[in-house]
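Worksheet: the structure to be examined is printed underneath.
Worth knowing before you read on, the calculation uses all heavy atoms, side chains too, and leaves out hydrogens, waters and symmetry mates.
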Amino acid sequence: MNIAILVMAAGHSRRFRQSGQGNKLAAIMQGKPVLQHTLDNVRDSGLDCYIVARPEDRQLHELMSKERIVRCSSEGLGESIAAGVNATADYDGWLITLADMPFIQPSSYRAVSEALRNSRSVRAQVDGIQGHPVGFQRSFYSQLCALQGDKGARELLNADAVTFVDLTDRGCITDIDTIEDMTRANQAEC
């Protein structure tokens, strides 16, 4: 089964920008941009990777030198997922992850990918908390391509008998949304 990771990076970073800090994905965390941490872990998973990003985010495009970029002027996560899946129609399945989740370990991507080989839809969970990545087999192609709005694929996961992949990787449930999240991440490095 040929599976691609779709990294969702087309958001507006509204909460982070409200603090006057710009795009959270370009913010420096533990010595490099948040997006760079995410991409390093995705690359190390060994799976094919595509980044869904806004056309105007040229600063982020520079970090994506090894990945294929799907340009999308998205108004919500659903549209970003639809654009990514539509651009990768030759795959048998997709793992969807968020660019602002820089701590997901490569082994977690591989574990969820492996589970997707035997289940129509899968989702990482840590200590009973649902997280990312999530995965869908090809049978969801049309539904994924039709997504709109900001709820992402949540309704598809809720309507299907999703297989949860129990992991210990807290990166699967940790994101960077605010300057406080960034401060905590930088303090954790010490």
**OP:** Not counting sequence neighbours, list each pair that qualifies as a salt bridge (charged side-chain N to carboxylate O under 4.0 Å, His left out) and has a residue in residues 88-108.
**Re:** Lys24-Asp100

**OP:** Would you mind listing every salt bridge (charged side-chain N to carboxylate O under 4.0 Å, His left out) that reaches into residues 29-40, with sequence neighbours excluded?
**Re:** Lys32-Asp40, Asp40-Arg43

Original post:
Is there a donor-acceptor pair under 3.5 Å between the side chain of Asp57 and the backbone N or O of Ala10?
Top reply: no

**OP:** Kindly say whether Asn41 contributes a backbone atom to a donor-acceptor pair with the side chain of Gln105 at under 3.5 angstrom?
**Re:** no

Who pairs with [X] by side-chain hydrogen bond (donor to acceptor under 3.5 Å, both in side chains), at least two apart in sequence or on another chain?
X	answer
Ser139	Arg120
Thr88	Trp94
Arg170	Asp127
Asp150	none

Subject >> Partner residues of Asp166 under the side-chain contact (heavy atoms from CB on, under 4.5 Å) criterion, sequence neighbours left out >> reply: Gln125

Subject >> Those residues that, when tested against Ala87, pass side-chain contact (heavy atoms from CB on, under 4.5 Å) (two or more places apart) >> reply: Val70

**OP:** Please state whether the rings of Tyr91 and Tyr50 are parallel, tilted or perpendicular, taking 30° and 60° as the class boundaries.
**Re:** perpendicular

Original post:
With Arg117, which residues qualify under salt bridge (charged side-chain N to carboxylate O under 4.0 Å, His left out), at least two apart?
Top reply: Glu114

Original post:
Does Tyr109 have any ring pair (Phe, Tyr, Trp, His ring centres under 6.0 Å) partners at least two apart in sequence or in another chain, and if so, which?
Top reply: none

**OP:** Could you tell me which residues satisfy ring pair (Phe, Tyr, Trp, His ring centres under 6.0 Å) with Phe140, sequence neighbours excluded, listed by chain and number?
**Re:** Phe136

Original post:
Checking side-chain contact (heavy atoms from CB on, under 4.5 Å) against Leu98, which of Leu77, Asp175, Ile104 comes through?
Top reply: Leu77

Original post:
Minimum heavy-atom separation for Pro102 to Thr38, with atom names?
Top reply: CA-OG1, 3.2 Å

